[in-house]
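Here is how names work: the chains are called A, B, and so on, in the same order as the sequence lines, proteins then strands, and each is numbered from 1.
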Amino acid sequence: MLSNSMINRGTRGNTPALSSRSDEAFLDYVSDMRNDLMHSTHRQVEQQSAKALAEKGLTENLWPGEVDAMRQTMQAVPEVATYLRVKRSLQEAYWQRIMDSYGMREEEFLHMLEVSDSEGPGTVTWDPDFKYPDYATVDIHIQPGGYTRQPLGGIHYDYGTKVFFGGLNDGDALHAKMAGKTSLPLDGKVERVMDIGCSIGQFTCALKNRFPDAEVWGTDIGAPMVRYAHHRAAKQGIDVHFAQQACESLDFPDNHFDLVTAHLLFNEIPVPVIRQTIAEAFRVLRPGGTFVIWDFPSVAADDGRFSGFIRYMDAADNGEPYSCEFVECDVEAIIPEQGFSLRYTDTEGLLRHGRVCDKPA
Amino acid sequence: MDRRALDYVKDLPGYERGHPHYFKDPMIDHLLEIVMMLGGELWVERDRRLIAERIMATEGSVTPERLEQFQPDEEFAKELAAARKQFTQRVFGCLYEKDDTTDVNEFFNVIGKEG
């Protein structure tokens with residue numbers, strides 16, 4: 001056995017530690033490289049890609065048909081090709097390293113989830129025979145197995161997003177901040193809360209921390225996500241309930257919740273599912289209840305940081321096939337079609353109000 | 001919901017994982033990736049050496065178990081981060097503008113655009 005393998009390394013915050021210091025060091029390196037080679041070059045990439053696309057007449061209405069042509073065009077712009085290569089390779093590298101590292105202890109983690117399934121505080125319900133719709137079987141962010149097909153997908157996601165955020169969300173700091181800014185129903189009553197598309201429950205737990213007396217639920221289509229969400233919450237002593245449910249088909253009665261949230265869900269589901277999800281949120285909210293959607297701004301309200309090219313290539317090569325149609329679908333028009341009154345929508349950035357949707361009292 | 005209404009998703013770019021390359025000669029893609037991965041493995045060795053030296057200096061000896069369980073305190077974590085930054089800039093600095101001050105907070109638009 002290698003000298004650095006299979007030593008119990010405890011946890012890092014709310015996340016199980018990787019199996020070796022070497023894996024941690026490699027992922028620190030990847031996180032830094034993302035910052036240095038991607039974030040610091042995106043302005044230059046925007047300018048050069050826009051110029052090259054303009055010369056080819058590829059400037060508007062590109063999604064989804066022109067992605068191959070865009071990629072081919074950039075072969076003549078080495079700086080842009082390098083940016084895209086770096087981005088893709090680092091993305092592949094961190095997922096692979098995380099999978100390899102936790103995979104060394106796969107049996108241990110599967111047992112951990114099995115034990116946690118029946119332990120409190122809080123509960124989790126999931127169906128081993130759940131039939132996933134095709135749209136939900138994508139490797140979002142090219143995470144191998146995505147949210148639905150890899151039993152340890154929740155743990156992988158936890159460490160992967162730590163690398164993605166470059167330390168910014170350590171301790172779930174961003175989720176706590178967003179939960180703190182989440183608007184309430186106009187009458188202020190918050191006794192039942194549901195976070196749909198809850199992933200590993202970071203935002204759900206932050207909502208429970210904000211509303212400690214409320215009954216808080218997190219739902220997600222992925223069994224690996226809700227199982228790990230429950231484990232992660234229970235380890236922190238947070239009493240929330242997680243359930244495997246598709247966002248477009250929620251198993252709750254009408255008029256049940258005071259507050260429903262969707263935190264970075266809509267950019268990862270197709271528009272027909274978004275429509276149905278908004279309708280479901282309307283159904284399960286009581287009159288006067290509020291649905292808060294935290295997500296990317298619509299394209300018309302985009303602040304111009306990213307050209308369409310960056311967005312399209314990210315969607316195509318980073319496993320986000322639905323993100324473009326979401327930002328281009330004018331969700332602000334869909335929301336009232338389902339019965340909601342739109343109290344706020346963000347016109348720049350992500351963090352002012354989100355989209356705040358009130359069900360008429 | 002009629003599942004057939006969602007059949008189109010399978011044709012969207014990104015639905016399948018794919019293996020994109022970005023240079024006309026895919027070997028350049030491979031070489032760039034190899035260099036980045038080698039950089040990571042080199043940093044791993046340096047990180048382990050720096051930690052081993054720190055343990056040796058403070059505790060007199062080091063074992064694999066001690067190294068794996070070692071957690072840098074805040075000050076040493078900053079030293080490691082600075083060494084890592086210096087390493088990546090020395091090796092890869094030619095690929096980006098070192099005086100670009102864009103940082104992770106600005107990139108994610110988290111701090112600057114709050115209401």
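Contact tally against chain A (heavy-atom pairs below 4.5 Å) for B/L67, B/D47, B/T88, B/T63: the top residue is B/D47. In terms of heavy-atom pairs under 4.5 Å with chain B, the best-connected choice from A/G319, A/P270, A/S323, A/A93 is A/P270. Interface remark: of the candidates B/W43, B/F70, B/Y15, B/Y15 forms the most heavy-atom pairs closer than 4.5 Å to chain A. Your options are A/R88, A/M74, A/Q72, A/R71, and the one with the most heavy-atom pairs under 4.5 Å with chain B is A/R88. In terms of heavy-atom pairs under 4.5 angstrom with chain B, the leader among A/E320, A/Q276, A/M33 is A/M33. Put simply, of B/E45, B/R46, B/E41, the one with the most heavy-atom pairs under 4.5 Å next to chain A is B/E41. Looking only at heavy-atom pairs under 4.5 Å with chain B, the residue among A/T137, A/D139, A/D134 that has the most is A/D134.
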Residues A/D36, B/Q89; criterion side-chain hydrogen bond (donor to acceptor under 3.5 Å, both in side chains); working and verdict: CA-CA 8 Å; A/D36 283 347; B/Q89 287 191 341; 4.8 Å; no

Test log, rule side chain to side chain contact (heavy atoms under 4.5 Å, CB included), inputs B/K10 and A/Y135: CA-CA 8 Å; B/K10 294 181 181 177; A/Y135 85 80; over 6 Å; no

A/R283/A/E280 under salt bridge (Lys or Arg N to Asp or Glu O under 4.0 Å): CA gap, chis, key distance, verdict: CA-CA 5 Å; A/R283 180 184 68 77; A/E280 276 291 85; 2.8 Å; yes

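With a threshold of 4.5 angstrom between heavy atoms, A/V30 does not approach chain B through any atom at all. There is no contact between A/R275 and chain B, counting heavy-atom distances below 4.5 Å. Neither the backbone nor the side chain of A/D23 comes within less than 4.5 Å of any heavy atom of chain B. When heavy atoms are compared at a cutoff of 4.5 Å, B/I28 does not approach chain A at all. For A/E325, the part lying near chain B is the side chain, with the backbone staying farther off; criterion is any non-hydrogen pair under 4.5 Å. Proximity to chain A (any heavy atom under 4.5 Å) is restricted, for B/P72, to the side chain, taken from C-beta onward. Residue contact with chain B, scored on non-hydrogen atoms closer than 4.5 Å, involves the backbone and the side chain of A/V273 alike.
For the pair A/D28 and B/R84, the salt-bridge criterion is met [side-chain N within less than 4.0 Å of a carboxylate O]. Between A/E24 and A/R9, at least one side-chain nitrogen of the basic residue sits less than 4.0 Å from a carboxylate oxygen of the acidic one, meeting the salt-bridge criterion.
Figure legend: cation-pi geometry between A/R97 and A/F26, with NZ or CZ positioned under 6.0 Å from the six-membered ring centre and within 45° of its axis.
A donor-acceptor pair under 3.5 Å is formed between the side chain of A/Y29 and the backbone N or O of B/M36. No donor-acceptor pair under 3.5 Å is formed between the side chain of A/T15 and the backbone N or O of A/T11.
Between A/K87 and the choices A/D314, A/D317, A/T41, A/N318, the side-chain hydrogen bond (donor to acceptor under 3.5 Å, both in side chains) rule is met once, by A/D314.
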